[in-house]
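Here the structure is laid out as structure tokens; the discussion comes afterwards.
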There are 2 protein chains.
Amino acid sequence: MPEFARLPGFRDFPPEELGLKSHILDAWRRVSRRYGFEEYDGPPLEPLELYVEKSGDEIVEQLYAFEDKGGRWVALRPEMTPSLARILAERARALPKPIRWFTAPQLFRYERQQRGRLREHFQWNVDIVGETDVAADAEVLAVAIDGLRELGLTSEDFRARVSHRGLLAALLGRCGVREEAVPAAFTAIDKLGRETGERTRARLAEIGLGREQLDEVLSLFEGADTVAIASRYGEDAAVARDLRSVTRCFELLDAMGLADYVQFDLTIVRGLAYYTGTVFELFDCRGELRAICGGGRYDRLLELVGGDPLPAVGFGMGDVVLAELLQERRLAPPYSRAVDYYIVTIGPAERPLALRIARRLRDRGHSVSYALADQSVKKQFSSANAEGARRVVILGPEEAAAGVVKVRDMASGGESTISLEELGG
Amino acid sequence: MPEFARLPGFRDFPPEELGLKSHILDAWRRVSRRYGFEEYDGPPLEPLELYVEKSGDEIVEQLYAFEDKGGRWVALRPEMTPSLARILAERARALPKPIRWFTAPQLFRYERQQRGRLREHFQWNVDIVGETDVAADAEVLAVAIDGLRELGLTSEDFRARVSHRGLLAALLGRCGVREEAVPAAFTAIDKLGRETGERTRARLAEIGLGREQLDEVLSLFEGADTVAIASRYGEDAAVARDLRSVTRCFELLDAMGLADYVQFDLTIVRGLAYYTGTVFELFDCRGELRAICGGGRYDRLLELVGGDPLPAVGFGMGDVVLAELLQERRLAPPYSRAVDYYIVTIGPAERPLALRIARRLRDRGHSVSYALADQSVKKQFSSANAEGARRVVILGPEEAAAGVVKVRDMASGGESTISLEELGG
């Protein structure tokens with residue numbers, strides 16, 4: 001029983017567990033670069049006021065916030081977008097648009113009640129800033145989808161559900177929801193499927209909807225596709241405009257060969273207050289896990305933190321739900337150690353030569369290990385196995401005198417004698 | 001003037017600044033792997049008590065500590081070794097020894113007074129746990145040295161100064177320093193060269209040294225090499241034992257071809273309370289910067305956090321001083337953007353084909369960019385340049401009809417026409 005435990009909700013990453021996290025983060029980085037995105041990062045600690053009123057209510061309630069020694073109220077970052085907005089407020093003017101940036105920071109939330117739930121995770125953030133065209137929305141969606149494809153997941157495993165907040169607001173307006181009641185309606189819709197139908201009706205009734213209006217609102221979510229919506233509400237200018245945007249987004253994803261990965265779903269609302277247009281979430285097809293990814297367009301956030309107005313669209317994808325999905329689908333790489341060479345010395349006299357060979361091999365980029373204290377040859381071979389050595393270099397007095405070494409290939413068991421020079425000794 | 005500023009002492013990493021940090025951390029990772037080390041990580045937030053009394057006084061005074069919502073006292077990690085010890089306290093028993101682990105976490109300190117000084121940095125930590133042989137000390141020293149060599153630095157640029165705390169304590173004993181006064185003497189010696197000679201003498205006098213003893217202590221640091229020490233104090237068993245350890249460490253580093261990078265220096269003490277044997281620091285040769293790296297043997301730390309007793313040796317190397325040194329020596333890579341392909345479309349009709357080609361190229365691992373909104377060909381070429389495109393694919397109606405594309409090599413300016421198939425279209 002260790003005297004000191006780690007804090008509840010935090011993870012240690014010993015090598016066998018860091019492996020999966022690195023596998024995920026490496027895939028994210030590869031895909032980001034393939035789409036021409038550049039990596040950035042910000043501080044894990046930010047001024048508290050950066051989050052208050054700019055983020056969703058849920059986030060603000062769960063801030064890991066405290067007063068520092070200098071009397072400043074600070075918070076461990078719960079999401080990356082406010083930091084991005086803060087950084088761009090200073091710099092965006094000098095940067096060519098659109099800005100394509102990504103990052104994969106560790107984020108923090110403090111929920112007092114929920115035991116066993118993590119208080120940190122790593123989150124891939126991909127954003128395009130400075131482009132109003134819906135092609136930017138399609139592009140970040142494609143990045144999110146490719147991030148999962150890169151890890152071996154297919155359209156059998158996950159799906160992106162895409163909606164548009166402006167479209168939903170316009171449709172709600174057509175159903176008689178007053179503008180000031182739209183946020184409350186969004187909340188009710190966001191909880192569809194997670195709450196009983198009765199509870200949803202009660203929420204919608206609370207905002208003053210009559211029975212008929214209420215039925216009309218609920219009918220929007222019963223498999224309504226873009227064609228059905230267009231034929232029923234298409235004469236409304238706002239509906240028509242936002243519907244064109246959604247349709248275009250799907251056309252672009254289709255051209256990218258990703259049609260199988262996306263579906264229109266008006267119930268997607270997203271909790272964060274700052275989204276203004278397209279919104280989307282990625283889910284596992286079996287519906288067993290929480291959302292893998294969420295994102296959308298947020299055209300007004302940069303103004304809120306004091307920058308120039310700049311349109312933006314992006315997403316966040318966490319490592320925890322994704323790791324669960326990969327493990328479930330047997331796509332998590334098994335943990336294994338590996339080293340190119342392990343040098344076995346017959347006696348201590350060969351140690352200096354072993355070190356010289358190790359240096360040359362390492363200078364050429366090979367990984368090399370060996371016993372640090374004098375050990376039996378048997379023990380050294382057992383360490384070579386434990387460390388996953390591909391080749392073992394065997395150094396004895398005769399070999400040293402002859403200027404050669406024996407090299408054993410550990411997979412085939414084959415041995416060859418090669419000159420020290422050839423090995424760089 | 002942005003409304004929100006980042007916290008004082010924290011860095012933003014926009015892509016042009018992340019580049020240097022990644023350059024450094026990538027080099028650290030490559031070198032660690034070359035020596036057969038495995039990467040691990042821990043939480044940035046730890047229980048406060050993990051640091052109190054286990055770390056040096058300086059660190060405890062500078063903790064970024066607070067009480068969380070659950071009434072726990074927690075601290076942003078100021079160093080990694082206590083987390084390593086905590087993780088190993090749970091796991092070391094099941095792991096084959098020696099354990100070779102590395103990590104490169106962000107660490108935090110809060111100094112109230114010093115304006116302009118950073119409150120965070122990234123620190124490479126490399127540790128060998130479970131091996132008493134001084135070969136382990138030499139091995140981690142070699143890793144530290146190679147970390148800098150990998151970045152282009154040579155023995156003209158930096159030097160490792162190596163000492164041994166046990167040796168120094170034994171020598172101080174021989175000079176008449178009582179055992180309980182050794183820590184105070186260490187503090188005085190640690191400040192040698194940073195304080196006036198007068199202040200040092202005052203510090204040593206305070207611990208009860210007479211004039212003669214004081215002169216003898218100070219003479220230890222006037223270019224005393226291991227041979228001189230051996231001839232004067234070698235009959236002392238503790239001196240002789242620790243001197244053998246130091247000599248052996250230098251022999252091993254010599255065998256590794258690193259003799260030019262190391263020197264014996266008895267003034268190296270290290271602030272951290274838990275070091276027990278070899279201690280070392282790496283400095284720039286011009287002596288303009290603070291230490292680049294510090295480390296040593298800490299054989300008792302794991303017991304202190306509730307684990308089995310396990311010998312250990314390791315170091316920490318920060319990114320900030322190192323980045324300054326690289327910039328001074330013009331070894332910092334220039335910032336540049338690069339993308340394998342930029343696709344230029346003559347008109348909107350070619351957009352779907354462009355997206356299809358992009359998908360195929362990306363699926364083969366290439367990075368691809370293009371304009372997201374309709375733009376003039378001239379504007380698209382200017383973006384291709386700004387994004388550092390190596391090749392530009394030009395798609396017009398004639399090419400599309402003929403099933404070909406033009407590809408321009410941006411370095412040579414040469415153009416060739418290739419079939420869509422060849423490009424994966």
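Any value given below was found using the heavy atoms of this structure, including those in side chains, with hydrogens, waters and symmetry copies removed. Note that the structure is a prediction, hence the values are computed from the model and not measured. In what follows, every chain begins at residue 1, and chains take the letters A, B, ... in the order their sequences are listed.
Heavy-atom pairs under 4.5 Å with chain B peak, among A:R100, A:R33, A:E150, A:K21, at A:R100. Comparing A:V339, A:V368, A:D374 by heavy-atom pairs within less than 4.5 Å of chain B, the highest count is held by A:V368. Chain B forms the most heavy-atom pairs under 4.5 Å with one residue out of A:E46, A:R149, A:R30, A:E67, and that residue is A:R149. Of the listed residues A:P43, A:G36, A:G42, A:P96, the one with more heavy-atom pairs under 4.5 angstrom with chain B than any other is A:P43. Of the listed residues (A:A371, A:G19, A:A138, A:P8), the greatest number of heavy-atom pairs within a distance under 4.5 Å of chain B belongs to A:P8.
The two residues B:Y40 and A:P14 make their nearest non-hydrogen contact at CB-CA, 4.1 Å.
For the pair A:L76 and B:L76, the minimum side-chain heavy-atom distance is below 4.5 Å.
With a 4.5 angstrom heavy-atom cutoff, B:L18 touches chain A only via side-chain atoms. If you measure heavy-atom distances from B:A358 to chain A, you find no contacts under 4.5 Å at all. When heavy atoms are compared at a cutoff of 4.5 Å, B:Y335 approaches chain A solely by way of its side chain, counted from C-beta outward. For B:E251, no part sits under 4.5 Å from any heavy atom of chain A, backbone or side chain. With a 4.5 Å cut-off on non-hydrogen atoms, B:V74 touches chain A through its side chain but not through its backbone. With a threshold of 4.5 angstrom between heavy atoms, B:L84 does not approach chain A through any atom at all.
For A:K69, the NZ atom sits in a packed shell: over 12 heavy atoms of surrounding residues, nucleotides or ligands are nearer than 6.0 Å.
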TODO: Quick one: do A:D12 and B:R86 satisfy salt bridge (charged side-chain N to carboxylate O under 4.0 Å, His left out)? Show the steps, please.
DONE: CA-CA 10 Å; A:D12 285 330; B:R86 180 182 60 66; 2.7 Å; yes
TODO: In sequence, state the C-alpha distance, the side-chain angles, and the governing distance for A:E17 and A:R11, and then conclude on salt bridge (charged side-chain N to carboxylate O under 4.0 Å, His left out).
DONE: CA-CA 10 Å; A:E17 274 154 52; A:R11 291 172 291 172; over 6 Å; no
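With sequence neighbours left out, A:R359 forms a side chain to side chain donor-acceptor pair (under 3.5 Å) with A:D363, B:D146. Looking at residues two or more places apart in sequence or on another chain, you find a side chain to side chain contact (heavy atoms under 4.5 Å, CB included) between B:D133 and A:A373, B:E131, B:A135.
Taking the six-membered ring for Trp and the full ring otherwise, B:Y64 and B:Y110 have centroids separated by under 6.0 Å.
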